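Input: a single structure, listed below in structure tokens.
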Amino acid sequence: MNRSVWAIVTALWSMGSLSVVAAPRPVDRTVNCDILVVGGGLAGVATTYEALLAGRQVCMTELTDWWGGQISSQGTSALDETVGQRTRGIFPRGYAQFREQLIQVSGRDRPGDCWVSLVCFLPQQGHTLLLDMLKDAESEGKGKLHLFPNTVVKSLATNPDGHLITSVRGIQHQPAPEAPPLNTYPLSQTLDDSYTEADSDRFTKTILQFQPPDTGKWVVVEATETGELLALADLPYRLGIDPRSHLEPSSSSEQADPYCTQASTYTFAMQATATPPAHQLPGFYPEYEPFYSFDKPRFAKTPNLVFSYRRIFSVQPGTADEVVNVGDISMQNWGGGNDYGPGTAQDNLILTRDQLLANGQLQDWQGGLRIASLQGGEELAQGYFHWLVAGTTDSKVADHPKQPWPNLKYLQGLESPMGTAHGLSKFPYMRESRRLIGRYSYGYPQGFVITETDVSKQDFRLPYYRNTLSGPDYRNLITRMAGLKTLDVILDRLPLAEVELRTRSRIYPDSVGIGHYPIDFHPCMQLSPPQTPGNQEREGERQGATQTYPYQIPLRAMIPPRINNLLVTGKSIATSHISAATYRVHSFEWSSGAAAGTTAAFTLDQGIYPYQLVENLPRRSPKLEKLQAILNRNQNPTAFPDMSIFNLNWKNW
């Protein structure tokens with residue numbers, strides 16, 4: 001069926017003149033891949049990078065036209081790191097190389113002069129450097145790179161028993177004739193179009209079919225920002241809050257709440273000016289004005305700290321945090337400003353399985369997001385800029401009346417830092433995704449998951465836990481944290497009151513990567529919509545916010561039930577709501593992606609599926625040990641130095 005015939009069929013169907021659903025459009029291009037990476041964020045790029053170095057033919061898709069996710073298309077171009085990990089230089093090799101190149105390109109030890117990180121930079125710079133790294137990896141490893149920007153996945157095909165993905169259908173969009181260029185409109189206005197196969201006034205579509213080479217063997221990697229393949233394949237996953245238990249003792253709810261995910265953020269960039277530019281009041285501003293705040297009195301007293309918090313370009317190297325120079329550029333990602341936290345069934349951003357089923361997306365995938373909440377996040381962010389320059393209210397700080405700050409310019413245009421005509425990031429910064437429930441594993445009868453108690457430094461002896469948990473749950477909590485004394489507690493040889501809780505994270509025999517960052521919450525809001533006057537964060541959500549011990553990324557967290565040639569990486573691995581709040585930052589994403597790329601290449605070489613590496617745990621797995629040796633040899637560490645069940649001196653990390 002050619003395009004003109006397809007257009008006629010589509011038009012008749014939309015008018016109700018056809019009583020059956022029109023046949024899918026014919027495939028325009030078939031592409032063979034050893035490894036298909038769906039999602040071009042940091043985890044997807046790291047997957048592709050390592051697979052190319054291993055000599056594999058890799059296809060990578062990305063909804064936007066920038067590679068890197070957090071550091072580019074989502075605009076959060078400030079590397080979240082802990083001092084301990086940074087000063088010891090314990091990062092996966094690709095991340096360390098990327099970080100060093102940012103410093104070299106800027107010619108400064110502290111690019112950007114921000115205070116949230118040592119490395120802050122322009123988003124397009126991150127995209128460009130990553131693209132160069134991928135091309136270098138292709139050359140060095142003699143692999144083959146196929147990049148598909150502006151591309152979404154529409155459907156999956158599996159073999160008859162559903163255990164293998166046999167092909168993946170995608171849609172790539174380009175500007176239609178006489179239409180404005182890409183990135184003219186915000187995502188809320190284009191997302192539905194991107195997932196619709198018919199050409200439109202804005203986009204011309206190319207239908208792609210990804211499939212394995214002649215061997216019939218390939219690995220598909222889920223690396224999207226919202227766990228799209230988990231929903232498309234109808235795999236088990238969680239969203240939002242997990243019920244309180246001995247595994248998730250700081251949970252804010254006794255029951256699961258899939259609607260309360262962490263807030264997302266549309267970032268934008270603004271520049272300090274010598275004189276006030278013209279500012280236009282957005283028509284929607286009054287609706288959002290009651291939300292905005294500097295959050296704390298010290299920021300209200302010294303607003304320059306809000307600017308320098310994520311300053312991504314500094315005119316004068318070494319500028320102090322309290323100083324803003326004319327020409328400096330700041331990326332805004334502020335809790336009381338552009339954090340958008342819908343948390344009810346009426347406005348949740350990432351749709352649940354029941355919601356997807358109800359609106360037909362399990363049959364006709366449209367991205368799995370609520371368009372109205374995307375638009376709400378966009379408006380909140382643009383309104384926040386107007387509040388900065390002209391607002392006189394503050395919803396949380398009363399001691400320091402808000403003063404206008406007119407000498408700021410909102411940067412927009414295709415050549416602006418965010419690369420969009422509207423000035424917002426191309427995709428919102430996603431702090432939480434659909435979270436895989438891993439397949440059954442020894443000790444995990446409900447499916448593998450990384451929980452709060454596996455990584456948290458929380459003092460679980462606090463009265464809060466004794467008073468909030470049931471007696472059996474509290475006993476199970478202390479037993480779980482007893483470390484080498486666990487058996488003594490189980491056998492009642494050691495009273496609960498005398499148990500010395502372990503001071504390290506859980507150590508996994510199948511670790512394939514590392515991470516370290518605080519459990520950092522940006523909670524959802526109690527009422528709908530989030531900007532409702534007087535609205536508050538969901539009560540108790542920050543109970544779990546604390547420091548963590550250095551932790552590992554177990555391979556079991558990346559292996560889904562049922563589908564054997566699918567790996568999950570990035571923010572969609574098997575974590576709980578609380579542990580996901582640390583398993584989401586830049587270096588973790590890279591480490592998990594490096595693990596996915598290396599594992600995919602290794603299992604193809606060995607002629608096995610990823611689950612076979614861990615199916616017999618806790619017994620030894622020689623092939624798993626071989627994979628771990630490859631990772632470590634390639635400077636993709638699977639453990640921090642001196643990480644051992646016998647080393648209890650982790651408190652100072």
Side-chain angles (χ1 to χ4, degrees), residues 236 238-262 343 435 437-438 440-508 518-521 523-524 526 536-549 551 554 556-557 574-583 618 645-646 648 650-651:
R238 294 186 179 93
L239 268 172
I241 300 172
D242 300 302
R244 190 179 302 127
S245 71
H246 71 284
L247 302 175
E248 201 81 346
S250 300
S251 173
S252 61
S253 175
E254 293 184 358
Q255 293 83 35
D257 185 343
Y259 310 115
C260 181
T261 58
Q262 288 220 48
R435 309 185 312 273
I437 300 175
Y440 164 81
S441 176
Y442 178 81
Y444 297 87
Q446 305 303 318
F448 186 86
V449 64
I450 303 166
T451 69
E452 173 189 6
T453 55
D454 293 327
V455 298
S456 177
K457 268 190 174 182
Q458 184 69 268
D459 180 2
F460 293 115
R461 289 287 194 190
L462 291 172
Y464 172 86
Y465 296 99
R466 289 197 302 272
N467 297 335
T468 304
L469 297 177
S470 67
D473 269 350
Y474 184 70
R475 178 179 180 82
N476 288 336
L477 169 62
I478 300 303
T479 303
R480 186 172 178 83
M481 300 300 296
L484 298 177
K485 298 294 185 180
T486 298
L487 186 60
D488 291 329
V489 178
I490 293 174
L491 297 177
D492 287 327
R493 295 197 299 238
L494 183 66
L496 289 187
E498 297 179 15
V499 175
E500 184 176 350
L501 304 187
R502 61 172 163 83
T503 55
R504 58 167 175 82
S505 62
R506 181 165 295 275
I507 295 175
Y508 297 101
I519 296 174
D520 181 16
F521 273 102
C524 76
Q526 294 183 19
Q536 300 291 321
E537 294 179 352
R538 181 69 64 88
E539 186 177 358
E541 269 289 271
R542 293 185 186 269
Q543 175 63 34
T546 188
Q547 297 295 316
T548 64
Y549 299 105
Y551 49 78
R556 283 169 294 173
T575 57
S576 68
H577 175 63
I578 293 178
S579 64
T582 178
Y583 279 85
I645 62 172
F646 302 107
L648 302 180
W650 290 28
K651 291 183 178 180

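Heavy-atom basis, side chains included; hydrogens, waters and symmetry copies ignored. Numbers here are sequence positions counted from 1. In this text the structure is predicted, and so the values were computed from the model without any measurement.
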Any [X] side-chain heavy atom under 4.5 Å of [Y] side chain:
| X | Y | result |
| --- | --- | --- |
| Ile241 | Glu248 | no |
| Arg475 | Leu496 | yes |
| Ile519 | Lys457 | no |
| Asp454 | Arg480 | yes |
| His246 | Leu469 | no |
| Asp473 | Pro249 | no |
| Arg493 | Leu487 | yes |
| Ile578 | Asp242 | no |

task = Look at the rings of His577 and Phe521 and say which category their plane angle falls in: under 30° parallel, 30 to 60° tilted, over 60° perpendicular.
result =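 Tilted.
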If you take all heavy atoms of [X] and [Y], which pair is closest and at what distance?
| X | Y | answer |
| --- | --- | --- |
| Leu494 | Lys485 | CD2-CB, 4.0 Å |
| Gly438 | Ala574 | N-CB, 3.9 Å |
| Phe448 | Ile450 | CE2-CG1, 4.0 Å |

Working to the nearest 0.5 angstrom, can you tell me the gap between [X] [atom1] and [Y] [atom2]?
| X | Y | atom1 | atom2 | answer |
| --- | --- | --- | --- | --- |
| Glu452 | Thr582 | CD | OG1 | 11.5 Å |
| Leu491 | Thr486 | CG | OG1 | 10.5 Å |
| Asp520 | Thr546 | CG | OG1 | 11.5 Å |
| Glu498 | Asp488 | CD | CG | 11.0 Å |
| Asp459 | Leu501 | CG | CG | 7.0 Å |
| Met481 | Arg504 | CE | CZ | 9.0 Å |

inquiry  = Give me each pair satisfying ring pair (Phe, Tyr, Trp, His ring centres under 6.0 Å) with a member in residues 462-493, each pair once, sequence neighbours excluded.
reply    =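 Sorted pair list: Phe460-Tyr465.
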task = Verify side chain to side chain contact (heavy atoms under 4.5 Å, CB included) between Arg461 and Val499, making sure each step is shown before the conclusion.
result = CA-CA 10 Å; Arg461 289 287 194 190; Val499 175; 3.5 Å; yes
Spell out, as yes or no, whether a donor-acceptor pair under 3.5 Å connects the side chain of [X] to the backbone of [Y].
| X | Y | result |
| --- | --- | --- |
| Arg556 | Gly447 | no |
| Gln458 | Gln543 | yes |
| Arg506 | Val455 | no |
| Gln255 | Pro243 | no |
| Arg244 | Ser251 | yes |

task = Tell me yes or no: between the side chains of Arg538 and Ser252, is some donor less than 3.5 Å from an acceptor?
result =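 Absent: no donor and acceptor within the cut-off.
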ask   = So, Tyr551 and Ser579: side-chain donor and acceptor under 3.5 Å apart, yes or no?
value =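 Side-chain D/A pair, Tyr551 to Ser579: absent.
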task = Would you check, one step at a time, whether the test side chain to side chain contact (heavy atoms under 4.5 Å, CB included) holds for Ile645 with Arg502?
result = CA-CA 9 Å; Ile645 62 172; Arg502 61 172 163 83; over 6 Å; no
ask   = Who are the side-chain contact (heavy atoms from CB on, under 4.5 Å) partners of Pro518, not counting sequence neighbours?
value =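 Pro518: side-chain contact (heavy atoms from CB on, under 4.5 Å) contacts with Thr82, Gln547.
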ask   = Should the heavy atoms of other residues, nucleotides or ligands under 6.0 Å from OH of Tyr444 be counted, would the total exceed 12?
value =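 Yes, OH of Tyr444 has more than 12 neighbouring heavy atoms, counting only those of other groups under 6.0 Å.
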